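All chains are named by letter (A, B, ...) in the order of the sequence lines, taking the proteins before the strands, and each is independently numbered beginning at 1. Values below: all heavy atoms of this structure, side chains included; hydrogens, waters and symmetry mates excluded. Nothing here was measured: the structure is a model prediction, and the numbers come from that model.
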Amino acid sequence: MIEAENLKKVYPGKVPTEALKGVSFAIDSGEFMAIMGRSGSGKSTLLHQLGLIDTPTDGNIVIDGVEVLSLSESKKTLFRLEHLGYVFQEYALIVELNALQNVYLPAFALGGNQNGYKKRAQEVLEIVGLGDRLDHYPHELSGGEQQRVAVARALINKPKILFADEPTANLDSVSAKVVLELFRQLNKELGQTIVMVTHEPEDVKYVDRVIWLRDGLIEKVENQAVRN
Amino acid sequence: MQNLKVALFLAFKSITKGQKSTIALMIFLLSLSFVNLVFFASILNGFGEATQKQITNNLTSNIVVDPQEEQKEAFIANAKEVQRKIERVPSVVAATRRHKLAGTISYEKEKSAKPIIVSAQIAGVDPEEEKRAIDIYKYMVQGRYLEGLGDDGIILGANLAGGYGSSGEEFANLGGVKAGEKVRVTFSNGIARTYRVKGIFKVKFGFTDRLAFVSSKEAESILSAQNNASQILVKTDSSRGTEDELVKNVQAAVPDLKVRKWTEVMGDFANITKTLDTVVLIVNTIALVVAAITIFILIYINAINKRRQIGILKAIGIGQNVVIKSYIIQALFYALSGIAIGSVLILYVVAPYFVSHPLKLPLGDVGLALDIKLITYSALGLFAAGLVGGFVPSWRVARQNILKAIWGA
């Protein structure tokens, strides 16, 4: 599903920062993988490159057979819209849109039947347990609810891969558990491929595999033998 | 098409869910910009229009026919026949013959006092002909206009008579002569005659209000002339062609005479309207730039405040062009609202106010010269300003790197 080859990322500046120093790995379809490591290890940077919201300084990424780094900016945008879902650490919702509108916006941008994508948005919100919050605006929702709306939005176009950048970092433990359970459910029941950055050791119990990063390089890869 | 729909959706939500006070302020500012654009142009146009009306209605009419200079003739011979020829030109409404006389007018305000003597331009006119081409008869402030060729009176302009509250009275005047009183006129050929002042006129235009008129029969007796004229003033129907075309038509009828439009006769003074056009162009350009900058700043602040949101939109796959379009649509909405409210203010508040309270200027009452062309051009100008003012800032913000936009770096 994803093949990353020798990914490097250098942030320019007076003293250039090497965030990724040559990272290679592959992710299979239907896999739930975590990227872990200390602060500054390069885990979020890696996710940004894989999610096409940043461009690596060197290396190659192939997603579902497409060399995505060779795409133009507009084609990358379309690729993100059609094939990738992204959940941010903060509840990145559009404040002027209610929950339903936030969720169906990517489907609306993709085109298609209006009733179709509104119905699908409603269904996805029901899947994330917010079927009764369709008309609520972000400021009327709790942090956990907002994050679940963001997950629903990421799923609306049935993405090949769902990327999540520390999705539980700003949530209380109860809300965090709800989101992670939701991820596991999506992965198990729908076969959704998920790549998640996390720094919480207890999150590993939800995933199939963990890539540990240290100083911009892969330190180790752990397969989780037993999943709850 | 789908991109435009999404952009419209985002713009609509931003407007309807955005801060109402900010939106109201933006629309208010743009409506004032529109009022400013239309008001300044229309008041200057009103000034130019008032000048033109004063000259063409009360002083020279539209076209002036003089003897050719190279023929060294002081008069147009066979003036009646010439006048009839001119009147047969299709675009001509009326023509009036004038005898130009120069002289001094003296007035004894008090029997024992020294008479006041003032130089003046005096014209001999056929009152009935004159009324068809020149509107002075409508502006009598005292007494009456000349009646027929047999009238032996004189009518005086208010600035010449003095004491009628005209702005041109700082120049020499007769100190307040009234209708019914007598003045003595000494013409440049030495002939002196006493006239009863038949009336005083005041058109509120300095050039005209310093003139005096006697009948053409009286003028011919002073000049010992018959059936001639110093010049013929021609009133034309402006809907029948441009001024140049109308001059050409008249010239074709009287090829041996000098035919000029009023702007040529008035020389630099007539250029005032052209000068005002230039001023209007400059001021309106500045006003449009200011309006564009206003929109730019307000949209830029709006876009900067929503930079994170723009980053999120791009991250979830909404194209940069969609984001830019949504901000342009918002800017155009503000511009159109400003145009609509500004139009209402101009048409239903400012214009009616100037109808009831015109500017009192030396050349007469000046109001707003509004026309659909001016309003349309101003609206198009502000619309274009909205387009530029909306595009530039949204393009600057939307092209930013997604992560920088989200992190606010």
Residue among A/Leu84, A/Val95, A/Leu110 with most heavy-atom pairs under 4.5 Å to chain B:
A/Val95

Could you walk me through whether A/Glu96 and B/Gln309 pass side-chain hydrogen bond (donor to acceptor under 3.5 Å, both in side chains), step by step?
CA-CA 10 Å; A/Glu96 292 112 354; B/Gln309 197 153 305; 2.8 Å; yes

Is A/Gln101 reaching over with its side chain to a backbone N or O of A/Tyr137, donor-acceptor style, under 3.5 angstrom?
no

Among A/Leu47, A/Leu162, A/Leu52, which residue satisfies the side-chain contact (heavy atoms from CB on, under 4.5 Å) criterion with A/Tyr86?
A/Leu47

Residue part contacting chain A, namely of B/Lys306, when any heavy atom lies under 4.5 Å
side chain

Kindly give the heavy-atom pair with the smallest separation between A/His199 and A/Ala169, and that separation in Å.
CE1-CB, 4.3 Å

Is it the backbone or the side chain of A/Phe79 that comes under 4.5 Å from a heavy atom of chain B, or both, or neither?
neither

Chain B contacts, top residue of A/Leu78, A/Leu97, A/Thr77 (heavy-atom pairs, under 4.5 Å):
A/Thr77

In terms of heavy-atom pairs under 4.5 Å with chain A, the winner among B/Lys314, B/Arg308, B/Lys5 is B/Arg308

Option among A/Asp58, A/Leu20, A/Thr57, A/Thr17 that satisfies the side-chain contact (heavy atoms from CB on, under 4.5 Å) test with A/Val10:
A/Thr57

